[in-house]
Amino acid sequence: MSRKTLTFVMLLAMLALLVPAASAAPLQQEGQEYTIAKADWLSKLADKYFGSIFAWPAIMAATNQKHLEDSSFARIDNADLIEPGWKIWIPGEAEAEEFLAAYDPGKPELLFGKPAEGQLVVGSWWTAGGEAEGLNGMFGIYKDKYPAVEIVNATVAGGAGTNFKAVLKTRLIGGDPPDTFQLHAGLEVEGYSPEEYLEPLDDIYASEGLEEAFPADLLTMLKAYGGHYWGVPVNIHRSNVLWYNAAVFEANGLTPPADFDEFVTVAEALKAAGITPFVLGTKDGWEAGHIFEDILAGTLGAEGYNGLWTGDTPWTGDGVAQALENFNLMLSYANPDHSAHTWDSAGEFLIAGTGGMMIMGDWTDGWFTSKGFTGYGWAPPPGTQGIFVALSDSFAMPKNAPNADNASNWLKVCGSLEGQEAFNPQKGSICARTDCDPALFNAYLQSAAVDWGQDAIVASVAHGAAAYESWATDYKDVLTLFVASGDVAAAQAGLQQACVDAGICQ
Ligand code: GAL
């Protein structure tokens, strides 16, 4: 018998033994770790897990593949020389079968895994301090595991994805997507026609145990569209935070305002001291919508706010009119050049102490930290005590991603404990996972984690959670006009129309 024929016969034998055993032995769907015990050898394990002593190459190859990404797994050089205590990987049944079907014993190099290579193109809008560092932290973890992969940081600047989202849409439609991209958890995904352009990620949730890693409310939000997971979340952000310059407040004997009346008192005192009371940037067209969602929550309460997105709270009611009045009042204390500022350039006033207060999401905590500024205080914006306006950043995978394997490895890093611990303390967000070490986080983030555990959670509209993208865009556009005009009636009519166009209001 020639060597080639022998190889073929051996392969057939392997498969023949593996397949019938599939129904008899307790075969595993998912892979699992295994620690080598004293009397173990690979064929014995192959027999135990796959019903065939000939399936040992699948275990050897899977373990060596794991070793390339995580050196705590053993590297098996010689199948006959395994040591008690080694951590190995028993592949799932389908993976083992696939390997054995393609395996050629004449090519032993197939037993040694294949390092990931090529590119990983990551699309996001994280260019500001804090968010850029957080992303880099996660890149570091990826690089450790897949050193041969070149990461391309394909950012498009503009907070809340103002510019990024349009660019991405064009790329998806044009069949030229990045390998993975930033996506808010919630209804935002609808804007990308996920059935047509995105991969459902349910398999990654299963293989990585992600349903056990994230809280139930977040899982519901992630599955809100079409019953599939479209993104792997890296964090939880809070939209409703009032940041203040602690030294300025102390020097003027002030404490953060709990309601809108107190806001005016504090703002007047700041104004009298020659300080811009309310620091604002509206350049990118989403910031007014962001602040207003916090004012809506602070005026209507959690339930009233939630009802806006389901049709239970009327946009035509007194509550929304009052919220617009409240916003108008706050705007009267803002820096007049706000349309020339982004959220972070406006934040410079607060750092410099020429500005007193600012309402912005808690990426501001990451930004302050990246600037070495520690003199800030925080409080819920007026009326939002006990309410957590939430959003979450996730990463998604397009259909036909050019480097799909690299993208899927990226999503695994995104969902992992080490990925989230490298990312969030710098990003200024708390982990989406429930098992991150609190000691890694600063005082603000620790307080956010406590609030996330006890507050009423409502969904942000400015950041993709509460409404379809088209409604969220109409909403933000109305608020941008409002900031310029101050016309309460026109804004309320515009908000109602947006709800009608979204098919929620009559
Ligand atoms: C949000 C995003 C945050 C942060 C912020 C400012 O939409 O969820 O992670 O990047 O925009 O750009």
Side-chain angles (χ1 to χ4, degrees), residues 122-138 153-168 180-189 191-192 218 221-222 230-241 243 280-294 341-348 358-371 388-396 414 419-420 422-432 444-445 448 452 459-467 469 472-473 475-476 479:
V122 182
S124 84
W125 58 86
W126 286 332
T127 55
E131 46 193 37
E133 280 94 338
L135 184 58
N136 265 328
M138 219 153 40
N153 188 12
T155 52
V156 180
T162 343
N163 306 318
F164 175 81
K165 290 179 186 174
V167 170
L168 177 70
T180 178
F181 65 90
Q182 184 186 350
L183 169 74
H184 286 126
L187 295 174
E188 178 176 294
V189 71
Y192 296 124
L218 179 61
M221 199 193 259
L222 288 156
W230 301 104
V232 173
V234 287
N235 67 1
I236 303 289
H237 264 309
R238 182 173 192 164
S239 152
N240 61 319
V241 190
W243 307 98
L280 178 68
T282 56
K283 187 166 178 226
D284 283 336
W286 59 275
E287 304 90 334
H290 175 119
I291 296 165
F292 190 60
E293 73 184 13
D294 299 337
H341 284 286
T342 56
W343 69 270
D344 47 330
S345 73
E348 297 284 0
M358 155 168 159
I359 293 178
M360 190 34 66
D362 53 7
W363 40 91
T364 310
D365 172 80
W367 180 70
F368 284 150
T369 305
S370 80
K371 304 222 84 176
F388 191 115
V389 185
L391 60 124
S392 164
D393 294 301
S394 76
F395 278 88
C414 288
Q420 302 219 345
F423 175 71
N424 286 295
Q426 304 191 77
K427 174 69 168 85
S429 41
I430 57 174
C431 288
Y444 164 74
L445 289 170
W452 168 247
S460 161
V461 64
H463 305 281
E469 187 64 6
T473 302
Y475 159 92
K476 284 184 265 189
L479 269 305

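Remember, it's 1-based here, ligands and their atoms both numbered in the order they're listed. Index from 1, following the sequence.
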Novice: Could I get the full list of salt bridge (Lys or Arg N to Asp or Glu O under 4.0 Å) partners for Glu188, not counting sequence neighbours?
Specialist: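 So Glu188 forms a salt bridge (Lys or Arg N to Asp or Glu O under 4.0 Å) with Lys165.
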Novice: Report all N/O contacts between ligand 1 and the protein shorter than 3.5 Å as a table of atom names and distances to 0.1 Å; if there are none, say 'none'.
Specialist:
from     : atom 1 : to     : atom 2 : distance (Å)
ligand 1 : 7 (O)  : His184 : NE2    : 2.8
ligand 1 : 7 (O)  : His463 : ND1    : 2.7
ligand 1 : 8 (O)  : His184 : NE2    : 2.8
ligand 1 : 8 (O)  : Asp393 : OD1    : 2.6
ligand 1 : 8 (O)  : Asp393 : OD2    : 3.3
ligand 1 : 9 (O)  : Trp126 : NE1    : 3.1
ligand 1 : 9 (O)  : His237 : NE2    : 3.4
ligand 1 : 9 (O)  : Asp393 : OD1    : 3.4
ligand 1 : 9 (O)  : Asp393 : OD2    : 2.7
ligand 1 : 9 (O)  : Lys427 : NZ     : 2.7
ligand 1 : 10 (O) : Trp125 : NE1    : 3.3
ligand 1 : 10 (O) : Trp126 : NE1    : 2.8
ligand 1 : 10 (O) : Glu131 : OE1    : 2.8
ligand 1 : 11 (O) : Trp125 : NE1    : 3.3
ligand 1 : 11 (O) : Ala160 : N      : 3.2
ligand 1 : 12 (O) : Trp125 : NE1    : 3.3
ligand 1 : 12 (O) : Ala160 : N      : 3.1

Novice: Are the side chains of Trp367 and Glu131 in touch, meaning some heavy atoms are under 4.5 Å apart?
Specialist: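 Side-chain contact under 4.5 Å: no.
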Novice: Would you say the side chain of Trp343 lies within less than 4.5 Å of the side chain of Asp284, judging by non-hydrogen atoms?
Specialist: no
Novice: With sequence neighbours left out, write down each residue that passes side-chain contact (heavy atoms from CB on, under 4.5 Å) with Thr155, or none if nothing qualifies.
Specialist: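 So Thr155 forms a side-chain contact (heavy atoms from CB on, under 4.5 Å) with Ser124, Thr127, Asn153.
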Novice: Who pairs with Cys414 by disulfide bond (SG atoms under 2.5 Å apart), at least two apart in sequence or on another chain?
Specialist: none
Novice: I need the Ser394 OG to Trp230 CH2 distance, nearest 0.5 Å.
Specialist: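 That separation rounds to 12.0 Å.
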